[in-house]
There are 2 protein chains.
Amino acid sequence: MAHKHDHSQAIKAVCEQLPSDELLCDLGDLFKLFGDTTRIKILYSLFESELCVCAIAELLKMEQSAISHQLKILKDAKLVGCRRSGRTNVYFLADDHVRSIIYQGFEHLTEDEEKQ
Amino acid sequence: MAHKHDHSQAIKAVCEQLPSDELLCDLGDLFKLFGDTTRIKILYSLFESELCVCAIAELLKMEQSAISHQLKILKDAKLVGCRRSGRTNVYFLADDHVRSIIYQGFEHLTEDEEKQ
DNA sequence: CTATCATATGAATAAAGATTCATATGTGAG
DNA sequence: CTCACATATGAATCTTTATTCATATGATAG
């Protein structure tokens, strides 16, 4: 064994409660999507209304290409959906979970500030 | 202007709803903490009971050093707390928000699976 | 005190990821 | 058909970040 004091009981107990490795990885991957400023801003922008790519780029003052790349990631993960309208592509939130996840994070931050 | 069709109205409206840049960055940074498999596993392990470093390392079959580094990140972000007990350091969840944030992500994933 | 266990930490390496640039695709106007 | 606009995408670059290794710190038992 690598260590001297025994916690096999504790480990065993926790181990039984722990979700599968695969689910835990998926969970990490999900939060990773929210763990980038640009993507958070994109998602937040879509809270109220759907938007086309160049509107988002203009709003965030970023290059269209950067936005497109991030939108692709969000779309692949099915956090946003996409619809053609004329020659623009309109993106929208695909899921209300996006709202609630961001909302939880928001709550955490704002409550922290109150404590200070 | 960089583009031709006009969405200044939409941009203006969204812009007013958007939280400050600083808050959005903080939000990204918060989710970044959850966006790593090791950290998610650590947090999840602490759901039921507090644990010392080497118990977590053994549980996750990872090196003590790697766990320590991640625990530092989580502690600096105040997602976990730490208490000395003899010569071991015992870590615990610092905040119920951690549970609810992870829970929301969990919900999203499991509902997705139902749809398939 | 000293030896040993538990943990922390700095530096180095490796891997992942975001942005940019150049260019391709796709669509509608004329 | 052709042009211009909107978007997508591949490759390259730059940054960030996770892990490992070596070692430092800190605490208790004897």
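Sequence lines set the chain letters: A, B, ... in the order given, protein chains first and strands last, and positions in each chain run from 1. None of these values were measured; they are calculated from a predicted model.
- Axis deviation across the helix from dC1(C)-dG30(D) to dG30(C)-dC1(D) amounts to 20°, comparing end segments of five pairs, rounded to 10 degrees.
- Atom CG in Leu33(B) sits roughly 10 Å away from atom P in dT17(D) (whole-Å rounding).
- The local environment of CZ in Phe92(A) is crowded, with over 12 non-hydrogen atoms from other residues, nucleotides or ligands closer than 6.0 Å.
- If you take CD1 of Ile67(A) and P of dA18(C), they are 12 Å apart, rounded to a whole angstrom.
- In plain terms, the two heavy atoms of Cys54(B) and His5(A) that are nearest each other are SG-CE1, 3.4 Å.
- As a whole-Å value, the separation of Asn89(B) CG from dT9(C) P is 10 Å.
- Between Ser68(B) and the choices Gln64(B), Gln70(B), Lys72(B), the side-chain hydrogen bond (donor to acceptor under 3.5 Å, both in side chains) rule is met once, by Gln64(B).
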Identify all side-chain donor-acceptor contacts of residues 8-16 of chain B below 3.5 Å with residues at least two apart in sequence or on another chain.
from    : atom 1 : to      : atom 2 : distance (Å)
Ser8(B) : OG     : Asp6(B) : OD1    : 3.0
Ser8(B) : OG     : Asp6(B) : OD2    : 3.2

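- When the ring-ring contact (aromatic ring centres under 6.0 Å, His included) test is applied to Phe47(B), the partners found at least two apart in sequence or on another chain are Tyr44(B).
- The phosphate of dA18(D) (OP1 or OP2) has a side-chain N or O of Arg39(B) nearer than 4.0 angstrom.
- The two atoms that bring Ala77(B) and Leu33(B) nearest to each other are CB-CD1, 3.3 Å, heavy atoms only.
- With sequence neighbours excluded, no residue forms a ring-ring contact (aromatic ring centres under 6.0 Å, His included) with Tyr91(A).
- Rounding to whole angstrom units, CG of residue Leu71(B) and C1' of dT19(D) are separated by 14 Å.
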Sugar-phosphate atoms are those with a prime plus P, OP1 and OP2; base atoms are the rest. Using that split, label each nucleotide of nucleotides 20-30 of chain D B, S or - for protein heavy atoms under 4.0 Å, 5' to 3'.
BBB----BB--
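- In this structure, Asp76(A) atom CG and dT9(D) atom C1' are separated by 12 Å, rounded to whole Å.
- Picking from dA6(C), dT7(D), dA18(C) the nucleotide with the shortest atom distance to the side chain of Thr88(B) gives dA6(C).
- Separating the CG atom of Asp29(B) from the C1' atom of dG17(C) is a distance of 15 Å, rounded to the nearest angstrom.
- The aromatic rings of His108(A) and His97(B) stand perpendicular to each other, their planes meeting at an angle above 60°, with 30° marking the opposite boundary.
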Return a table of donor-acceptor pairs under 3.5 angstrom between the side chains of residues 79-87 of chain B and protein atoms on other chains or two or more places apart.
from     : atom 1 : to       : atom 2 : distance (Å)
Arg83(B) : NH2    : Glu50(B) : OE1    : 3.2
Arg83(B) : NH2    : Glu50(B) : OE2    : 2.1

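- Distance CG (Leu51(A)) to P (dA6(D)): 15 Å, rounded to an integer number of Å.
- Distance His7(B) NE2 to dC5(D) P: 13 Å, rounded to the nearest Å.
- Between dT9(C), dT9(D), dA18(C), one nucleotide has an atom nearer to the side chain of Ser68(A) than all others, and that is dT9(D).
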